[in-house]
Amino acid sequence: MLDNYGRSISYIRMSVTDRCNLRCRYCMPESGIKKLEHSKILSFEDIIAIAEAVSDLGISKIRLTGGEPLVRTKITALVECLAAVKGIEEVTLTTNGTLFARMARALHAGGLKRVNFSLDSLVQEKYSFITRGGSLQDAWKGILAAMEIGMHPVKVNVVIIKGFNDDEILDFAELAYKFPLQIRFIEFMPVGDLLFWDQSKVISIREVKSIITKQYNLLHTAQVGNGPAEQFSLEGGQGGIGFISPLSNHFCAKCNRIRLTAEGKLRTCLYDHHETDLKSVLLQGINRAELAQMIAQAIIRKPERHYMNGGWGANNNRKMYQIGG
Ligand code: SAM
Ligand code: SF4
């Protein structure tokens with residue numbers, strides 16, 4: 001369906017848990033996290049009911065996220081149920097990858113089409129620093145597993161942070177040269193509790209691109225998947241590079257997505273703190289048509305753009321792992 005600004009909304013990102021096996025510095029605090037009680041998060045039945053309702057509105061793509069979606073119990077069964085919903089053409093996943101290798105075949109057989117991995121360093125000590133203890137080897141095994149199964153394209157998201165991984169920009173580009181991977185550089189956003197974020201750590205995509213073009217010839221290609229990335233192939237290489245610039249060149253005019261938090265709050269924009277509580281109406285027994293109607297009303301009110309460059313905003317009390325990045 002179209003929102004008030006004529007954008008066609010075809011894509012939902014569903015957070016299936018607020019829990020995670022890692023503690024990335026820009027996403028989650030190290031401790032003191034109040035976990036949502038099981039009864040507060042969406043059940044499988046709730047998630048499927050929402051998938052059915054959004055499919056009635058023309059949404060055909062679902063991405064599961066979190067927290068870490070692979071820590072949600074029986075995630076494979078959920079993928080299978082969502083892939084079977086009429087009108088849903090694609091179920092995909094965003095993951096830190098560390099648990100993916102052992103689950104890859106089952107997820108793929110269940111109907112998982114593609115995976116985006118998050119990987120901010122290719123150096124174990126730095127990876128462990130940013131994730132507060134994660135294993136780079138496990139994350140890489142996950143990426144290899146996705147390639148081996150033949151998922152295509154396999155995307156790797158790199159949040160680029162000045163003073164942390166800007167010295168690895170060419171190493172990531174080399175990865176896209178050697179492997180059939182889409183490496184996507186993302187500007188570091190002031191999202192969440194901002195304990196790690198500050199303006200001096202932001203590098204614009206323009207700078208990242210200029211570093212890469214000194215070494216590689218970038219050829220513009222058509223957009224891959226549903227994403228906001230400006231997409232390139234590397235001349236002579238196997239994979240490609242994507243640039244995502246939410247701060248320096250926002251893509252709100254082309255935004256096709258809505259988001260669902262793990263506790264069932266619908267957010268029509270990452271930045272906008274207005275939420276529609278779907279969990280409570282599902283508890284009250286809302287029917288499919290009424291639910292679709294409620295979601296449609298929220299979509300119509302989707303804001304024209306974000307104002308993240310002015311900061312996260314005092315009213316925005318959610319962290320990234322709660323919203324579902
Ligand atoms: N656990 C999964 C993962 O890490 O891929 C899914 C959830 S995570 C919140 C989703 C994505 O949000 C990750 O790629 C992460 O790097 C990104 N993210 C979190 N905080 C961010 C920030 N401040 N700026 C840019 N990207 C951010
Ligand atoms: Fe976990 Fe993903 Fe957040 Fe890292 S970015 S703490 S892996 S939810």
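Counting convention: from 1, in listed order, for ligands and their atoms alike. Worth saying up front: this structure is predicted, and the values here are computed from it rather than measured.
Residue contacts with ligand 1 for Thr94 involve both N, CA, C or O and side-chain atoms from C-beta outward (heavy atoms, distance under 4.0 Å). With a heavy-atom cut-off of 4.0 Å, Leu22 does not touch ligand 1 at all.
Note that OG of Ser118 is 7.0 Å distant from CG of Asn96, once rounded to the nearest 0.5 Å.
With Met189, Arg63, Lys201, Arg184 as candidates, the residue nearest to atom 24 (N) of ligand 1 on a non-hydrogen basis is Met189.
Ligand 1 has no atom lying under 4.0 Å from any heavy atom of Trp197. Heavy atoms of Gly66 come nearer than 4.0 angstrom to ligand 1 in at least one pair.
Below 30°, between 30° and 60°, or above 60°: for Phe232 and Phe243 the angle between ring planes is above 60°, a perpendicular geometry. Phe188 and Tyr26 have perpendicular rings, their planes meeting at more than 60° on a 0 to 90° scale where under 30° would count as parallel.
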Inset, instruction - In sequence, state the C-alpha distance, the side-chain angles, and the governing distance for Arg63 and Thr94, and then conclude on side chain to side chain contact (heavy atoms under 4.5 Å, CB included). - result: CA-CA 7 Å; Arg63 174 169 297 277; Thr94 294; 3.1 Å; yes
Inset, instruction - Would you please test Glu187 and Ser204 for side-chain hydrogen bond (donor to acceptor under 3.5 Å, both in side chains) and show each step? - result: CA-CA 6 Å; Glu187 284 172 347; Ser204 76; 5.0 Å; no
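Annotation: cation-pi pair Lys155/Phe117 absent, no NZ/CZ under 6.0 Å from the ring centroid and within 45° of its normal. Both cation-pi conditions hold for Lys126 and Phe164: the charged atom is under 6.0 angstrom from the six-membered ring centre and inside a 45 degree cone around its axis.
In the model, Thr98 has a side-chain atom that pairs as donor or acceptor with a side-chain atom of Asn21 under 3.5 Å.
For the pair Glu68 and ligand 1, the shortest N or O to N or O distance falls below 3.5 Å.
Within a 6.0 Å radius of NE2 in His220, more than 12 heavy atoms belonging to other residues, nucleotides or ligands are found.
Counting only protein N, O or S atoms closer than 2.8 Å to atom 1 (Fe) of ligand 2 gives 1.
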